[in-house]
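One structure is given here, and the rest of the page talks about it.
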Amino acid sequence: MKGEMAAAALVPLAVTFLFSLSSAASPVQWGKLDPHFYDHSCPQAQLIVASIVGKAHYQDPRMAASLLRLHFHDCFVKGCDASLLLDSSGSIVSEKRSNPNRDSARGFEVIDEIKAALEAACPGTVSCADILALAARDSTVMTGGPGWMVPLGRRDARGASVQGSNNDIPAPNNTLPTIITKFKLQGLDIVDLVALLGSHTIGDSRCTSFRQRLYNQTGNGLPDLTLDVSYAAALRPRCPRSGGDQNLFFLDPVTPFKFDNQYYKNILAYRGLLASDEVLLTGSPATGDLVKLYAANQDIFFQHFAQSMVKMGNISPLTGADGEIRKHCRRVNHN
């Protein structure tokens, strides 16, 4: 009981402030995302989401990064439509089985809890896709990051794409041109790319995602020359040449649970954990300049991150009469 009371207190003032901004309702246009979408149909929706995210964050400090990641991995495949949340059934092959998600995507039980609470309060009203968008925002705020008004009104997909998940989500060892292309295909530019990868200021990565940097980055059996030697030496004991694939490492070992600009400072010190992190500095003057900007000015990083999250949340949403409002996020309604 004490834990639940403490968790409830974690719903931050910043999120409460966002609710107050939403109180001046404006007409909601059919088929358009709008922060006021649930003002009348489910006015308590955002408070319910924030409360459960707060409890989950209190119980597991890793959960904020996991929920933020779910929104990314959903939006990059078929748009922000909660396709990632579907379990395999009938003709659906779950995106949870794809290479980017298998053994690493987590937080689905928290989404289930949020959905159950919303169904009890406002049956058949709030989509799973909107839950993901709100949980990502709340997770960012609860770890010290920026807040933003979340445009709402997404509907849920009736299918998934494991192939899209395998192909469209940037991988840890992709080249910078490949990462830029994957973002561009979603309508996201270089500023969005560098700002959104700043979400790696919280969370973990598995040994299997960066092992090649320690032992064989370019196929010649040598470590990555853009990885700080002392940092590499500290990583090797728990990430050997073989074994330990699932061992977890902080993406930002300096402030691993705080949403700040330390991620970019790490990159400048050649201590970006993933190849896809460090390549932001070494792969292009344009992305490198943004890394330097965000490392020097956290306020600008926060501003760009919030803007890019809204932009990402607008990738090909289902609206109006498209899709459905799932009763359970793991399955379509007719199952």
Side-chain angles (χ1 to χ4, degrees), residues 10-24 26 32-38 45-47 49-50 53-54 57 63-76 79-80 107 129-154 170 183-184 186-203 251-252 255 257-265 267 277 280 287 289-317:
L10 282 173
V11 181
L13 290 175
V15 175
T16 305
F17 175 66
L18 288 165
F19 299 153
S20 69
L21 288 177
S22 299
S23 62
S26 61
K32 298 285 187 180
L33 299 187
D34 190 301
H36 306 290
F37 190 83
Y38 298 113
Q46 296 198 45
L47 184 59
V49 175
V53 170
H57 174 61
M63 188 54 66
S66 297
L67 294 174
L68 185 54
R69 186 169 182 255
L70 287 183
H71 187 40
F72 277 82
H73 282 213
D74 179 47
C75 289
F76 266 73
C80 307
D130 279 346
I131 291 172
L132 286 175
L134 288 168
R137 188 272 310 276
D138 295 347
S139 295
T140 302
V141 173
M142 288 175 189
T143 48
W148 59 91
M149 298 286 288
V150 179
L152 299 166
R154 300 167 191 82
F183 271 74
K184 188 176 181 180
Q186 306 295 347
L188 301 173
D189 60 25
I190 287 178
V191 173
D192 301 316
L193 187 164
V194 181
L196 290 173
L197 283 182
S199 62
H200 287 179
T201 184
I202 56 175
L251 286 161
D252 168 17
T255 54
F257 299 111
K258 181 175 174 56
F259 198 103
D260 56 19
N261 66 337
Q262 183 63 45
Y263 166 77
Y264 301 103
K265 297 176 182 179
I267 291 175
D277 295 325
L280 295 179
T287 56
D289 286 346
L290 286 164
V291 169
K292 294 170 187 174
L293 174 65
Y294 296 155
N297 193 319
Q298 180 169 280
D299 289 342
I300 293 178
F301 163 49
F302 279 12
Q303 177 188 343
H304 287 187
F305 183 83
Q307 291 170 348
S308 293
M309 284 296 290
V310 172
K311 192 172 173 183
M312 186 189 76
N314 277 281
I315 297 174
S316 304

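Residue numbers run from 1 in the order of the sequence given. Below, all heavy atoms of this structure are taken into account, side chains as well, without hydrogens, waters or symmetry copies.
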What's the spacing between L193 CG and M312 CE if we round to 0.5 Å? 12.5 Å
For K311, what residues pass the salt bridge (charged side-chain N to carboxylate O under 4.0 Å, His left out) criterion, not counting sequence neighbours? D189, D192
Strictly by salt bridge (charged side-chain N to carboxylate O under 4.0 Å, His left out), give each pair with a member in residues 295-309 just once, sequence neighbours left out. none
Minimal non-hydrogen separation, F259 against F302, with atom names: O-CZ, 3.5 Å
Work out which heavy atom in Y263 is nearest to a heavy atom in L280; give both atom names and the distance. OH-CD1, 3.7 Å
Which atom names give the shortest non-hydrogen contact between R137 and Q46, and what distance separates them? NH2-OE1, 2.9 Å
My understanding is that only residues two or more places apart in sequence, or in another chain, count here; which of them pass ring-ring contact (aromatic ring centres under 6.0 Å, His included) with F76? F183
So I315 and L188, side chain to side chain contact (heavy atoms under 4.5 Å, CB included) or not? Walk me through it. CA-CA 9 Å; I315 297 174; L188 301 173; 4.1 Å; yes
Ignoring hydrogens and geometry, is there a side-chain-to-backbone donor-acceptor pair from Y264 to V194 under 3.5 Å? yes
Residues forming a salt bridge (charged side-chain N to carboxylate O under 4.0 Å, His left out) with D74, sequence neighbours excluded: none
CG/L132 to SG/C75 distance, rounded to the nearest 0.5 angstrom? 8.0 Å
So how far is it from D277 CG to D252 CG, rounded to the nearest 0.5 Å? 10.0 Å
Can you measure from CZ (F305) to OG1 (T140) and round to the nearest 0.5 angstrom? 4.5 Å
May I ask you to test the L293-D289 pair for a side-chain heavy-atom distance under 4.5 Å? no
Partner set under side-chain contact (heavy atoms from CB on, under 4.5 Å) for K258, not counting sequence neighbours: T255, D260
Could you check whether any side-chain N or O of D130 sits under 3.5 Å from a backbone N or O of G153, counting only pairs where one atom can act as donor and the other as acceptor? yes
R154 and C80 have their tightest heavy-atom pair at CD-O, 3.6 Å
A50 to D138 - nearest heavy-atom pair and separation: CA-OD2, 3.2 Å
About how many Å separate CG of L196 and CZ of F72, when rounded to the nearest 0.5 Å? 4.5 Å
Can you see which heavy atom on P146 is nearest to which on V141, and at what distance? O-CG2, 3.4 Å
Return the set of residues passing side-chain contact (heavy atoms from CB on, under 4.5 Å) with S139 (not counting sequence neighbours), or none when no residue passes. V53, A64, L67
Stepwise side chain to side chain contact (heavy atoms under 4.5 Å, CB included) check, Q303 with W148: CA-CA 9 Å; Q303 177 188 343; W148 59 91; over 6 Å; no
Measure the shortest side-chain to side-chain distance between I300 and Y294 over non-hydrogen atoms and say whether it is less than 4.5 angstrom. yes
Pairwise distance CG(L70) to CE(M63) - rounded to 0.5 angstrom: 8.5 Å
Evaluate the criterion side chain to side chain contact (heavy atoms under 4.5 Å, CB included) for residue pair V310 and N314; output intermediate values, then yes/no. CA-CA 6 Å; V310 172; N314 277 281; 3.8 Å; yes
